[in-house]
Amino acid sequence: MPWLIAAASAQIALGLYLTVIDHVDLFPWNDLTGITLRERLLRLGLNSMPHFLFAWAFLRGLRPVLLAAMLFYIIALAMHIDFWWRPYLVGATERQRSRYERRYLRTRKILPPIKDHPVPDAQHVVAGALATMALALTIAGALSAL
């Protein structure tokens, strides 16, 4: 049971963080310029709500959801790595560079640049760290309950 509580806590922390950076203007930490209400609601549904739902399921000990949560966090972290870390380490495609420049050029960076590669902004470095923690604790929690 302690691993399920730890996993739920990490999932809630990630969900809260994503909710804040997607909906509260903290420029230069984030840049919500031009984000429509429709996009904000979509972000709430896709970026934040799954974490809260998984946390609820973990606290209830709903076993069928535990494996789905593991798969969700593996896919989410893989997408995060593909969007932020691959372009930073090996270079970006024109499409990635265009999206990056449109949304994240003005946000705070804490990592050093590599050549002309897009640098992950601080908000997404933190999101990646929280997602990694959520994945590790989700796996530990799911395995302890199965």
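Sequence positions, counted from 1, serve as the residue numbers for this chain.
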* Geometric class of the Phe83/Tyr104 ring pair [parallel <30°, tilted 30-60°, perpendicular >60°] -> perpendicular
* To do: For the pair His80 and Trp84, name the ring-plane relationship: parallel under 30°, tilted 30 to 60°, perpendicular over 60°.
  => tilted
* Side chains of Gln11 and Thr138: do they bring a donor and an acceptor to under 3.5 Å? -> yes
Just checking [X]: does its [atom1] atom have more than 12 heavy atoms from other residues, nucleotides or ligands closer to it than 6.0 angstrom?
X	atom1	value
Arg97	CZ	yes
Trp3	CH2	no
Arg102	CZ	yes

* Tell me, please, which residues at least two apart from Leu42 pass side chain to side chain contact (heavy atoms under 4.5 Å, CB included). => Leu46
* Asked: Does Ala13 have any side chain to side chain contact (heavy atoms under 4.5 Å, CB included) partners at least two apart in sequence or in another chain, and if so, which?
  -> none
* Is Ile5 reachable from Ile139 through a run of I, L, V, M, F, W or Y residues, each pair having side-chain heavy atoms under 4.5 Å apart? -> yes
* Asked: Linking I/L/V/M/F/W/Y whenever any side-chain heavy atoms sit under 4.5 Å apart, do Leu135 and Met70 land together?
  -> yes
* Aromatic contact, His51 with Phe72 (centres under 6.0 Å) -> yes
* Asked: With the threshold set at 4.0 Å, does a side-chain nitrogen-carboxylate oxygen contact exist between Asp121 and Lys109?
  -> no
* To do: With sequence neighbours excluded, give me every salt bridge (charged side-chain N to carboxylate O under 4.0 Å, His left out) pair touching residues 85-95.
  => Asp82-Arg86
* Donor-acceptor contact present, side-chain Arg63 to main-chain Ala145, <3.5 Å -> yes
